[in-house]
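What follows is one structure encoded as structure tokens, with my remarks underneath.
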2 protein chains.
Amino acid sequence: MEDQLSDRSKRILEAVIEDYIATAEPVGSRTLTRSHSLELSPATVRNVMSDLEEMGLLVSPHTSAGRIPTDKAYRLYVNSILEVKKNLPQGNRDEIRRRCRMAGKDLGDVLKETSRLLSSTSSYMGVVMAPRLAANVFHQMEFVKLGSHRILAILVSQNGTVQNRLLEIQEEIPQEELVRMANYLNGMLQGLTIAQVRERLVAEMQSEKVRYDSMMTKALTLSEQTIRSDGAEIFLEGQANILDQPEFCDAGKMREIFRAFEKKSLLLDLLDRSMQAEGVQIFIGAESRLLKMEGMSLVTSTYMTGKDTFGVLGVIGPTRMGYGRVIPIVDYTAKLISRLLETE
Amino acid sequence: MEDQLSDRSKRILEAVIEDYIATAEPVGSRTLTRSHSLELSPATVRNVMSDLEEMGLLVSPHTSAGRIPTDKAYRLYVNSILEVKKNLPQGNRDEIRRRCRMAGKDLGDVLKETSRLLSSTSSYMGVVMAPRLAANVFHQMEFVKLGSHRILAILVSQNGTVQNRLLEIQEEIPQEELVRMANYLNGMLQGLTIAQVRERLVAEMQSEKVRYDSMMTKALTLSEQTIRSDGAEIFLEGQANILDQPEFCDAGKMREIFRAFEKKSLLLDLLDRSMQAEGVQIFIGAESRLLKMEGMSLVTSTYMTGKDTFGVLGVIGPTRMGYGRVIPIVDYTAKLISRLLETE
DNA sequence: CGTTAGCACTCGAACTTTTTGAGTGCTAAT
DNA sequence: ATTAGCACTCAAAAAGTTCGAGTGCTAACG
């Protein structure tokens with residue numbers, strides 16, 4: 001399986017891929033020799049392309065058309081041909097920097113803006129997943145009385161995430177008691193991750209010493225309700241950008257794509273998966289069978305929001321996307337955001 | 001200008017509009033007489049249609065095609081022909097009811113879900129604008145210390161809206177002082193609208209008696225920072241639905257539409273405008289030149305979240321939309337949401 | 001007089017046919 | 001090993017047909 005590709009074959013494959021990225025049209029031997037200054041005749045190129053086709057790196061949509069790179073080809077390209085410019089063009093750099101300066105906003109706003117940023121600099125779709133709540137570190141909890149039977153619970157994590165939850169309660173609880181409850185909980189839960197908090201609460205509720213203290217019981221019940229459910233948030237921006245891609249210009253496909261993104265669950269799975277490893281990761285076409293609609297790729301990177309809580313951000317575009325350009329953007333943005341969000 | 005339309009003309013216009021709504025195709029005299037049981041010959045219908053065309057209620061895309069209703073025709077239809085079924089079909093009613101039961105979520109979640117709901121029951125786009133912050137009634141403010149130079153400010157309104165803002169501060173403020181500041185402010189600002197709060201803060205900061213109390217100054221500065229900027233939130237859901245509309249199936253138009261909705265500012269203007277009057281309002285096609293892309297209409301209604309704070313919700317669809325069906329949906333949803341959000 | 005049947009005319013949509021040209025694979029010459 | 005040359009392919013664009021739902025107009029009808 002270790003494709004023993006000659007240097008020349010690689011050069012040609014690269015040329016095909018780059019042409020296809022640029023034009024979205026099947027590329028033929030002729031056009032290749034013209035645009036890229038390979039010192040070869042069309043006929044030679046044809047032979048090589050024929051080999052590449054045999055190896056499953058190219059396909060032709062029909063006999064008398066040019067050829068198109070397969071997912072496998074992109075994989076090869078990304079892994080061993082493409083050399084990612086370590087240095088993002090200064091222009092991009094500046095823009096990202098500039099738009100990252102956004103003090104006075106909460107985490108959600110920053111992430112949304114980041115998603116926008118990714119979308120506009122890459123000209124594909126930007127996606128950012130907030131760190132999963134469970135991994136965050138508990139910082140503080142507050143209960144605010146809204147009415148006689150409604151309490152607003154506020155859960156603050158150390159990285160600045162804030163979760164609000166409206167709780168309906170049976171019996172009225174006076175404000176002072178709420179404060180005492182919060183104090184009690186804040187003392188107990190300091191520094192734990194939310195996941196740990198959850199365990200702790202369950203354990204505590206079953207322990208003997210709490211069972212007969214109604215205040216504590218109430219407090220535990222309330223807080224348990226507060227941290228229940230961990231709907232990781234996803235910010236997806238720039239959907240309109242993919243309408244510009246010629247391969248999706250037909251209405252049917254577009255609909256499919258939009259529908260798919262409307263329920264974010266599969267995207268969530270995919271992003272969750274890319275959180276396994278650190279750094280930039282690339283999912284090409286059908287490799288992520290989650291994005292089962294064909295022709296889409298995903299470039300992600302993890303970012304940090306604290307000691308050991310991270311989220312994922314990235315760019316979604318057509319398989320035929322400018323990896324060389326996108327990868328540094330994703331990488332740089334992730335690093336910058338990490339720095340920005342670091343709770344020093 | 002008071003169109004003196006004979007009863008028959010009205011019936012025919014209605015038939016044309018309804019046919020066009022159903023099929024999205026220009027409708028001709030023949031088809032009309034067949035589908036609707038008007039007791040008239042095609043020729044007669046033709047004559048009438050010709051009149052209607054003269055009055056600017058119908059147009060034909062070209063000589064030998066059927067006719068299409070103009071914006072003016074829709075307006076007439078909505079105002080004086082269409083009789084809105086006061087009673088939403090029980091099915092819809094039930095679904096709306098069911099999905100409105102969503103306790104334990106904050107306002108944002110509820111509104112987002114409502115937008116989804118509007119979108120799916122109408123099969124167009126649902127849109128919900130959160131009440132403008134300025135009109136909300138202040139309830140409570142909290143400061144939570146996140147780090148030595150970072151404070152999380154939480155602003156709770158009486159209707160359950162929660163705003164978080166991250167503040168960077170120069171000099172460290174101990175937690176106890178933050179609590180005292182919050183108490184001071186909560187006492188002072190109780191029951192005012194945010195707009196009034198803003199004024200009050202400015203006034204207070206200039207008053208003599210505060211000027212030399214650094215704690216108060218700090219408190220005022222902090223809170224002033226917190227309520228600054230009033231980015232009304234808009235929840236727009238179901239964009240994929242409009243891809244199903246045949247009139248937008250061409251890629252160019254779609255792109256335009258998606259681009260337009262990506263920056264929500266014009267939508268915001270429009271919704272803001274529809275907040276002038278209470279109850280259901282209808283903007284047809286170019287009437288709202290804000291949605292300057294043609295062929296879109298908007299049905300809105302205000303909803304209440306408290307004594308006198310309201311937001312707007314509605315449905316955006318093609319001008320050729322089922323007004324008779326959509327209007328009750330919007331109306332009913334608005335009422336239900338108002339009831340749900342009422343701070344009793 | 002309002003309504004209707006009849007008729008010639010229009011013109012986009014859909015279907016065919018033709019043309020075009022970028023592409024291929026093969027073979028023979030360099 | 002490379003390349004020039006050639007016959008062949010086939011989608012896409014252009015040109016040409018057919019078809020039918022529409023129209024407007026006129027004349028007849030109750």
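Just so we're on the same page: letters track the sequence lines, and every chain starts at 1. Just so it is clear, the model here is predicted, and its values are computed rather than measured. All heavy atoms count here, side chains included; hydrogens, waters and symmetry mates do not.
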If you restrict it to nitrogen or oxygen atoms, what contacts under 3.5 Å exist between nucleotides 6-10 of chain D and the protein, and what is each distance?
{"from": "dT9(D)", "atom 1": "O2", "to": "Ser64(A)", "atom 2": "OG", "distance (Å)": "3.0"}
{"from": "dC10(D)", "atom 1": "OP1", "to": "Thr63(A)", "atom 2": "OG1", "distance (Å)": "3.2"}
{"from": "dC10(D)", "atom 1": "O4'", "to": "Ser64(A)", "atom 2": "OG", "distance (Å)": "2.9"}
{"from": "dC10(D)", "atom 1": "O2", "to": "Ser64(A)", "atom 2": "OG", "distance (Å)": "3.3"}

> What's the verdict on salt bridge (Lys or Arg N to Asp or Glu O under 4.0 Å) for Arg34(B) and Asp19(B), showing C-alpha distance, side-chain angles and the deciding distance?
Replying inline: CA-CA 11 Å; Arg34(B) 262 205 284 268; Asp19(B) 242 49; over 6 Å; no

> Can a side chain N or O of Thr44(B) be found less than 4.0 Å away from OP1 or OP2 on dT3(C)?
Replying inline: no

>> Tell me whether Asn79(A) at atom CG has more than 12 heavy atoms from other residues, nucleotides or ligands lying less than 6.0 Å away.
In response: yes

> Over how many whole Å does the gap from Leu58(B) atom CG to dG24(D) atom P extend?
Replying inline: 11 Å

>> With heavy-atom distances below 4.5 Å as the criterion, would you say the side chains of Ile316(B) and Leu236(B) are in contact?
In response: yes

> Given Val315(A), which of Val127(A), Thr300(A), Val326(A) fulfils the side chain to side chain contact (heavy atoms under 4.5 Å, CB included) condition?
Replying inline: Val326(A)

> Within this structure, what is the CG-to-C1' distance between Asp51(A) and dG25(C), rounded to whole angstrom?
Replying inline: 13 Å

> Hey, what do you get for CG (Leu117(A)) to CG (Asn92(A)), rounding to the nearest 0.5 Å?
Replying inline: 9.0 Å

> Rounded to the nearest 0.5 Å, how far does CZ of Arg11(B) lie from CG of Leu40(B)?
Replying inline: 6.5 Å

>> For DNA chain D, which residues of residues 17-34 of chain B approach it to below 4.0 angstrom with any heavy atom?
In response: Gly28(B), Ser29(B), Arg30(B), Thr31(B)

> In whole angstroms, how far is the C1' atom of dT4(C) from the CD atom of Glu39(B)?
Replying inline: 14 Å

> Between the side chains of Glu18(A) and Tyr77(A), does any donor sit under 3.5 Å from an acceptor?
Replying inline: yes

> Stepwise, does the side chain to side chain donor-acceptor pair (under 3.5 Å) test hold for Arg255(B) with Asn241(A)?
Replying inline: CA-CA 8 Å; Arg255(B) 203 171 339 174; Asn241(A) 278 346; over 6 Å; no

>> Whole angstroms only, please: what is the CG-C1' distance between Asn47(B) and dA5(C)?
In response: 12 Å

>> Is there a side-chain contact between Arg67(A) and the phosphate of dT24(C), meaning an N or O under 4.0 Å from OP1 or OP2?
In response: yes

> How long is the line joining CE of Met49(A) and P of dC26(C), in whole Å?
Replying inline: 16 Å

